[in-house]
**Student:** 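Got a structure for you, written out below as C-alpha cells; questions coming shortly.
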Number of protein chains: 2
Amino acid sequence: MKKVKIPEATIARLSVYSRFLNRMEKNGVDTVSSGEIAKGTASNSAQVRKDFAYFGGFGKRGVGYDVIDLNRNIKEILGLNKEWRAIIVGMGNLGKALAYYHGFSTRGFKIMGLFDNDPQKIGEKIDTLTVQDDQVMEKFLDNNEIDIMILTLPAEYTQAVVDRVEGKGIKGILNFAPTVIHASEGTQIRNVDLAVHLEVMSYNLTHSINKEQE
Amino acid sequence: MKKVKIPEATIARLSVYSRFLNRMEKNGVDTVSSGEIAKGTASNSAQVRKDFAYFGGFGKRGVGYDVIDLNRNIKEILGLNKEWRAIIVGMGNLGKALAYYHGFSTRGFKIMGLFDNDPQKIGEKIDTLTVQDDQVMEKFLDNNEIDIMILTLPAEYTQAVVDRVEGKGIKGILNFAPTVIHASEGTQIRNVDLAVHLEVMSYNLTHSINKEQE
DNA sequence: TCCTCCTTGTGATAATTCTAACATATATTG
DNA sequence: CAATATATGTTAGAATTATCACAAGGAGGA
Ligand SMILES: NC(=O)c1ccc[n+]([C@@H]2O[C@H](COP(=O)([O-])OP(=O)(O)OC[C@H]3O[C@@H](n4cnc5c(N)ncnc54)[C@H](O)[C@@H]3O)[C@@H](O)[C@H]2O)c1
Ligand SMILES: NC(=O)c1ccc[n+]([C@@H]2O[C@H](COP(=O)([O-])OP(=O)(O)OC[C@H]3O[C@@H](n4cnc5c(N)ncnc54)[C@H](O)[C@@H]3O)[C@@H](O)[C@H]2O)c1
C-alpha cells in the first residue's frame, strides 16, 4: 500500500515535530532549521531531515524550513486536515480527563459522545457533552459517523464493548485498558499502557541505564 | 553497564508479559508456554523466548514456564521488587486520574504526595492524600525520599518545576506535558505523549495501513 | 530403557531503523 | 559576480531489532 515502508517511529516523530512547529508559529517564527527542530523535540538533525525526506523535500537548502508550510505538510501527511470523530467509553477517572482535555480537538479530534453503564454517571455533564447510557451506544453509532473509539474502562469489559460495535463504522480503537483486544481485520487498534512507562523507568533506574536524552 | 545491550522494546514487553502472568496467577494457571504468553500479549512466541533469553533460561523444555516463578523473575528484572516512591505535580484532570488509579500501587509504585499551585485545589482530598501547596514541594522532598516525579501540568510550567527539584533526589521524571524538558545528567526522563497515539492512528487510517495486530 | 512428543533456548539470517558524511542548492557579502 | 557560509537532501554504512529454523532438553508411555 506504500512504495517505501515508512517507520512508525518516523510518524510518531512527525506528530511531535508538528506540535513543536505550532509553538513556533504562535511565537511568530517563520523559518526553522532541522537542528532547531531537533533541539525542540529531543531528536537529531539528521533524523529530522531523514523523516521529512520520506515524503519529499520541504525545505530550502542554506535556509531551512518555512514553519507554516512545513507544518501544513506534516499535518496533511498525518491526515489531520480532516476532522476525526471519536467517542469515549468508560467515564471514570481517565475517561473524564480525556473528555475535559482540549488538546485533542485543536489537532482535529472531536469528541462526539461519552458513554458509561453506571447510572450514577449517566446524565452527568462533562464540558459540553452529557454522559449517555452505554446501552444506546449502538444506536448512536448508527446515527453518527464515528471514526475512533477511545476505551477507558476496566480491562475485563473492553472486549465485550469492542464486539458490540463491530460493523458500526469504527475504524480505530485507542485502548487504555491493560489487555489485548481483538477487532475485525482493518480496524486499527492501539494500546496505551501507562504502566509500561513506569516499569521501563524502574528497569532503567535499577540497572543504571543512562538514556542519553539529547 | 551491561554485558549485552537489551532492547528497550524487550523491557516494555516484559512489563506486559508480567501483567499477563498476574492474570494467569489469579486464574490459578501454573504453567504457560511462550505461545500462550504471545497470544495473551499480542506478541509472538519466538519473540517471547528471545526476550527471556537475554536474562537466562526461565523455562523447562517440553513443558513451558512456571507462572509464579517466571513472574517473580520478570518483576525482579524490572526492579519491581522494591517500592518506588512518587509524587504527582499538577492535580488537574490527568493528575487526578493518575492519583485515583490503584493499578500503579499494585506494581510497586506508591504515590506519596500531590502538589498544585491553585488555591482551589490545595487541601482537596484525593483518595488517601491531600493536595499540598506546590510551594512546600522542596521541603517535602527534603523530608521524604522520593524517586519519581510525575508531571501533569501545562507544558509551559514543567521546566520550572524540574529546575526546582534539582538535587532533591528525584531519579526519574514521567512527563505528560507535550514538551521537551531537561534535567541533570543521570535523571531518567520519559515523555508520555497521548496525542502521538491518536495522530499515528490518523496517519494509518488515512493511508490504509493495516497493522497486523496478530 | 527406548521412543515419541512437546517446547525451550539459540545461532544464523533477515529486516528495519538510525547515523554519518557529503554533494548540492541557496543566500549573502564584498 | 565570485567567494563564502549555511543547511538541505540523499546515499552508503552501521547498528539495532525481529524472525526463523532447529538442535537439545525433558516428560511420559510402552
Ligand atoms: N486512571 C489511570 O490513571 C489509568 C492508568 C493506566 C491505565 N488505566 C486503565 O484505564 C481504564 C480506566 O481507568 P479508570 O481509572 O478511569 O477506571 P474507573 O474505574 O475510574 O472508570 C471506569 C469506568 O468504566 C465504566 N464502565 C465499566 N463497564 C462499562 C461498560 N461495559 N460500558 C461502559 N462503561 C463501563 C465504569 O462505570 C467507570 O465509570 C482501566 O482499564 C485502567 O486499567 C487507567
Ligand atoms: N487531560 C488529558 O487527557 C491530557 C492528554 C494529553 C496530555 N495532557 C497534558 O497533561 C498536562 C495536564 O493536563 P490536564 O488536562 O490535567 O490539565 P489541567 O489544566 O486540568 O491541570 C493542570 C494542573 O496543573 C496545575 N498547575 C499549573 N501550574 C502549576 C505549577 N507551577 N505547580 C503546580 N501545579 C501547577 C494547575 O493548577 C492544574 O490543576 C498538560 O500538559 C496536558 O497537555 C493531558
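Heavy-atom basis, side chains included; hydrogens, waters and symmetry copies ignored.
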**Student:** Can B:S18 and B:R107 be counted as having a side-chain donor-acceptor contact under 3.5 angstrom?
**Tutor:** yes
**Student:** Figure out the CD/P separation between A:E8 and C:dC18, and round it to whole Å.
**Tutor:** 11 Å
**Student:** With sugar-phosphate meaning primed atoms plus P, OP1 and OP2, does A:F52 contact a base, only sugar-phosphate, or nothing at under 4.0 Å between heavy atoms?
**Tutor:** nothing
**Student:** Are the aromatic rings of B:F104 and B:Y101 close, with centres under 6.0 Å apart?
**Tutor:** yes
**Student:** By nearest heavy atom, map B:K60 and A:R61 onto DNA chain D; which one lands nearer the 5' end?
**Tutor:** A:R61
**Student:** Atom CD of B:Q47 to atom C1' of C:dG9: distance rounded to whole Å?
**Tutor:** 14 Å
**Student:** For A:G62 and for A:P7, find the nucleotide of DNA chain C with the closest heavy atom, then tell me which residue's nucleotide is more 5'.
**Tutor:** A:P7
**Student:** Please report the interatomic distance CG(A:N204) to CD(B:E8), rounded to the nearest 0.5 Å.
**Tutor:** 6.0 Å
**Student:** What's the CZ-P distance between B:F58 and C:dT7, to the nearest Å?
**Tutor:** 20 Å
**Student:** Should we count NZ of A:K171 as having more than 12 external heavy atoms under 6.0 Å?
**Tutor:** yes
**Student:** B:Y54 has an atom OH; how far is it from atom P of C:dG11, in whole Å?
**Tutor:** 13 Å
**Student:** Take the protein atom CD1 of B:I6 and the nucleotide atom P of D:dA15, then report the distance between them rounded to whole Å.
**Tutor:** 19 Å
**Student:** Just to be sure I understand the geometry, which residues of residues 15-34 of chain A put a non-hydrogen atom under 4.0 Å away from DNA chain D?
**Tutor:** A:S33, A:S34
**Student:** If you assign each of A:A46 and B:D51 to its closest nucleotide in DNA chain D, which residue comes earlier from the 5' end?
**Tutor:** A:A46
**Student:** Return a table of donor-acceptor pairs under 3.5 angstrom between the side chains of residues 76-85 of chain B and protein atoms on other chains or two or more places apart.
**Tutor:**
residue: B:W84; atom: NE1; partner: A:S202; partner atom: OG; Å: 2.9
residue: B:W84; atom: NE1; partner: B:G79; partner atom: O; Å: 2.9
residue: B:R85; atom: NE; partner: B:E145; partner atom: O; Å: 2.8

**Student:** Here's a test of your reading of the structure: between A:A9 and A:R49, which maps to the more 5' nucleotide of DNA chain C?
**Tutor:** A:A9
**Student:** Any N or O donor-acceptor pair linking the side chain of B:K50 to the base of D:dT19 at under 3.5 Å?
**Tutor:** yes
**Student:** Would you tell me if any nitrogen or oxygen in the side chain of A:N44 comes within less than 4.0 Å of OP1 or OP2 on C:dT19?
**Tutor:** yes
**Student:** Taking NZ from B:K5 and C1' from D:dA18, how many angstroms apart are they, rounded to a whole number?
**Tutor:** 14 Å
**Student:** Got a second to check how far A:S15's OG is from B:L198's CG, nearest 0.5 Å?
**Tutor:** 9.0 Å
**Student:** Quick check on D:dG9: is either OP1 or OP2 less than 4.0 Å from any side-chain nitrogen or oxygen of A:Y65?
**Tutor:** yes
**Student:** Counting only heavy atoms not in A:Y157, do more than 12 fall under 6.0 Å of its OH?
**Tutor:** no
